[in-house]
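A quick note: this is a predicted structure, and the numbers were derived from the prediction, not measured. We count residues from 1, following the sequence as given. For the numbers below, each heavy atom of this structure counts, side chains included, while hydrogens, waters and symmetry mates do not.
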Amino acid sequence: MDVKLGCCSHKSNSVKNKEEEEEMSPTSEELSFKNLSKIVVPPLGVSGYSSLNVPHGRIISPMDTRYRCWETVMVVLVVYSAWVCPYEIAFLNSKPSKPLYIADNIVDIFFAIDIILTFFVAYMDSTTQLLVLDSKKIAKRYLSTWFIMDVASTIPFETIAFLIAGKHHGGVSYSVLGMLRFWRLRRVKCFFTRIEKDIRFSYFWVRCARLLFVTLLQAHFAACLAYLLAVQYPNEGNTWIGSAIPNFKETSLWIRYISALYWSTTTMTTVGYGDIHAQNTLEMAFIICYMLFNLGLTAYIIGNMTNLVVEGTRRTMEFRSSIEAASSFVMRNRLPPRLKDQILAYMCLRFKAESLNQNQLIQQLPKTLCKSIQHHLFLPTVQGVYLFKGVSREILMLLVADMKAEYIPPREDVIIQKEAPDDVYIIVSGEVEMIDCEMEKENVVWEFTSGGMFGEVGAFCSMPQSFTYRTKTLSQLLRLKTSSLVEAMKTRQEDNVIMLKNFLRHHKKLKDLRLGELFMDGEVDGDVNMSINLVTVAGTGNAAFLNELLKAGLDPDVGDSKGRTPLHIAASRGHEECVVVLLKHACSLHLRDLEGNTALWESIAAKHHSIFKILYHWASISDPFIAGDLLCTAAKRNDVGVMKELLKHGLYVDSKDVHGLTAIQVATTENHLDMVQLLVMNGSQVDETITNMIPSENLNDMLQKREIGHCIVMSDTTGDNDSHKKTKDEERLVLPLRVSIYRGHPANRSTTHHPGKLVRMPSSLDELKTIAGQKFGFDATNAVVTNEEGAEIDSIQVIRDNDKLFIVETES
């Protein structure tokens, strides 16, 4: 199974492709892929530094391409020297052939040139990690390090001896001096180290070539040295080669070399000698040293080969172990076959996806480069999603940068029904089924293909997912956090409106998504206010979605066929968060439905006290007659239950409505005896009309109880049904509003000692002054009533229960 990121193809015009190719093509040496290995990372804080361009005259950069080619040529010459030098010393001795003699001198000339060039090659300072470009420092460093050994390994000792003595000299001295050429082998090590990092070459085969070179070089060197010991031994017959080949000097050079190489290989591999083995003490001593050296070399070769082989099979072994562990886990916990298949399928897919190293690579790259990759791979797919059609490129790039690519195997649940709406998914490739799991049998409602989107309903509506979404085939999905989508929508209001319109239009067509009640019949194109029923959204309590729709410009006062606004519905159903959202968007508090009810009436009728307090607070600011209107409406409708709830909230019983009427006047006019009795018991003023309406005995009894500071909330007498029976709590004694009054200005209370009086709050400010005059023994007709801060009070309606009031005398 071969998978690839961004496999959803897209078409673009040829001009765009040409421009993209020109942008991606390297325009300088620094941008060339081949030169990436030449980049030198400078220390932190170093600016204006380039490791590729060295502008200092004759100084050569070690990363320069031409110098790298020169180094490669020198490596070939080093291999030649390392191979020919021991061969000449052992097998040719004092009779070097003319072609080899000429080639040796040419190689020495090349190495002499290299010594000269080294004085002009910049080097990397190990402390500062910067290229040193000062020629004096370069020369000083070279003279104090490798210069002497380089010169010694380059001097043509054979030519010098020929010039001095006029003939070729052999012997031990020549052999020792010739061995200095092995110093050049360090170049081969550096060469292999460099090409191992070059991804143009296979690391496995480069490493194998390195190990093979070391092995062959050792076998060749040991063969030459063993033959040299046999040649130099006084008794040639008592040597390893003399015992096998009598008069071996008479045989061909090729046979002697092959015999020596055969002996060296059998000794190195320790498989036995057969008829060729050590014959004298010197050869035995050499073999001992050679075998000890082979121990280290063999361990090095075996270790490297083991690493190469194991690294190639490690992931397979780990995969098999994980599969076995998963199978054991399933059997031990008795999981159903479906879960077992999903677990194993996921592990197989992860193994295949990890081989591509996509996520690991992206995580290693800088953030800006990751964004560029994601834009290139996923932006065409995201642009084709219905939700983002018409959305600005800026928002799309923000969204794509936050998306994560995932591979999901077939038959795996991506989103589970009733799950929290944490993520939104876009399908790059594959198929996903939308399944209704509420019934006993799973029902496939919809199928999504490449370019489809799911999970956005829960995200927009801030509600649990309505369906289960399960992959049908191997699918590549883009996962986006719901929070990231919401933040992107807040960035640009225009794009917010476009996405909401796209969402509504799309789901208007998909009637199986249980969103049908959100949409009105008779949708009018171009009128967004007609495309969504805000009343229903408010009724569901979805404050987040309601807020997004209102921010998109929808009318918060839109009404249904009964004239009920979203505020009516939210208040009647107790959705406090929706009420707050609607108030934030400046909805009207005083709109009435066809039955004449306001949202404030709906909240108190449904006994949603917290919502009533919020609405009453805002309504009282814009309408000073709101208390009287509510009380009069309850009195007119003879709704004793609502009246009780209103009085519990401390509304003044004799508050006047916009027409100047009080609740008891309305109840008297409508001849609602129970309502009149309730109002009288709660402190309403009694006039002649009420006296004629209520029997004198009952009225006197109520007034006496009211005067001693109690108010009886009367029970309903409309019937004997259980639904109308009231509990003892509803027949309890209810304390009336009380206030504390003090004589004198609040600022002077510290210097006076007049005790306060706790009295029942009267129905008017004049009556309060009369009571104060009676309590304190002075004429308070012209007195001023203030609160604790000294603010003058001119209306009884602003006084609340347990307030402290101060009666300040005025000069007559």
Side-chain angles (χ1 to χ4, degrees), residues 24-82 103-156 159 180-201 206 210 213 366:
M24 297 178 63
S25 60
T27 57
S28 63
E29 188 177 35
E30 290 84 353
L31 297 178
S32 175
F33 176 77
K34 297 180 180 180
N35 291 319
L36 291 178
S37 61
K38 304 177 184 179
I39 295 177
V40 178
V41 180
L44 294 175
V46 176
S47 59
Y49 174 79
S50 174
S51 61
L52 299 179
N53 298 324
V54 182
H56 289 69
R58 296 175 296 175
I59 301 301
I60 303 172
S61 170
M63 290 75 175
D64 186 85
T65 303
R66 292 169 295 180
Y67 185 73
R68 284 283 177 88
C69 293
W70 171 263
E71 284 188 320
T72 304
V73 173
M74 297 306 297
V75 168
V76 175
L77 298 180
V78 168
V79 173
Y80 167 81
S81 298
D104 290 343
N105 285 279
I106 294 176
V107 170
D108 290 337
I109 293 174
F110 271 90
F111 278 103
I113 296 174
D114 184 70
I115 292 174
I116 298 174
L117 287 178
T118 306
F119 281 97
F120 301 95
V121 178
Y123 69 93
M124 184 69 64
D125 190 292
S126 59
T127 303
T128 63
Q129 293 300 311
L130 295 176
L131 283 177
V132 177
L133 305 175
D134 189 347
S135 57
K136 294 182 178 180
K137 292 182 179 180
I138 295 173
K140 182 178 179 181
R141 174 180 178 271
Y142 184 46
L143 290 172
S144 60
T145 52
W146 314 120
F147 175 74
I148 296 178
M149 291 300 298
D150 286 347
V151 171
S153 63
T154 306
I155 296 176
T159 302
L180 291 174
R181 296 181 182 179
F182 279 92
W183 168 255
R184 302 170 182 173
L185 285 174
R186 61 186 180 86
R187 289 177 175 269
V188 180
K189 175 181 177 297
C190 296
F191 173 77
F192 276 110
T193 302
R194 176 160 57 88
I195 63 174
E196 283 175 357
K197 300 176 183 178
D198 195 332
I199 63 173
R200 293 174 295 173
F201 303 97
V206 170
R210 181 174 184 169
F213 174 79

Output the distance between atom [atom1] ([X]) and atom [atom2] ([Y]), rounded to the nearest 0.5 Å.
X    : Y    : atom1 : atom2 : answer
T72  : I195 : OG1   : CD1   : 9.0 Å
M149 : T154 : CE    : OG1   : 10.0 Å
R186 : S153 : CZ    : OG    : 8.0 Å
I106 : F111 : CD1   : CZ    : 13.0 Å
I138 : I60  : CD1   : CD1   : 9.0 Å
K140 : S135 : NZ    : OG    : 13.0 Å

- prompt: Would you say F213 has more than 12 foreign heavy atoms packed within less than 6.0 Å of its CZ?
  reply: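 For F213, atom CZ is crowded (more than 12 foreign heavy atoms under 6.0 Å).
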task: Using a 4.5 Å cut-off on heavy atoms from C-beta on, say whether the side chain of F191 contacts that of V78.
output: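 In short, these two side chains do not touch, never coming nearer than 4.5 Å.
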- request: Identify the two heavy atoms, one from V188 and one from V79, that lie closest to each other, and give their separation to 0.1 Å.
  value: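 Answer, listing the atom of V188 first, then V79: CG2-CG2, 4.2 Å.
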- prompt: Within 45° of the ring axis of W146 and under 6.0 Å from its six-membered ring centre, is that where the NZ or CZ of R141 lies?
  reply: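 Geometry flag: not set, cation outside 6.0 Å or 45°.
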- request: Please assess W70 against F110 for the test side chain to side chain contact (heavy atoms under 4.5 Å, CB included), listing each intermediate value before the final yes or no.
  value: CA-CA 10 Å; W70 171 263; F110 271 90; 3.7 Å; yes
message: Between K136 and D134, does any NZ, NE, NH1 or NH2 come within less than 4.0 Å of an OD or OE carboxylate oxygen?
response: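 Salt bridge absent between D134 and K136.
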message: Among D150, V75, V107, L77, which residue satisfies the side chain to side chain contact (heavy atoms under 4.5 Å, CB included) criterion with R184?
response: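 Only one of D150, V75, V107, L77 forms a side chain to side chain contact (heavy atoms under 4.5 Å, CB included) with R184, namely V107.
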task: Examine Y142 together with Y123 and report whether their ring centres are nearer than 6.0 Å.
output: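 Distance test on ring centres: not under 6.0 Å, no.
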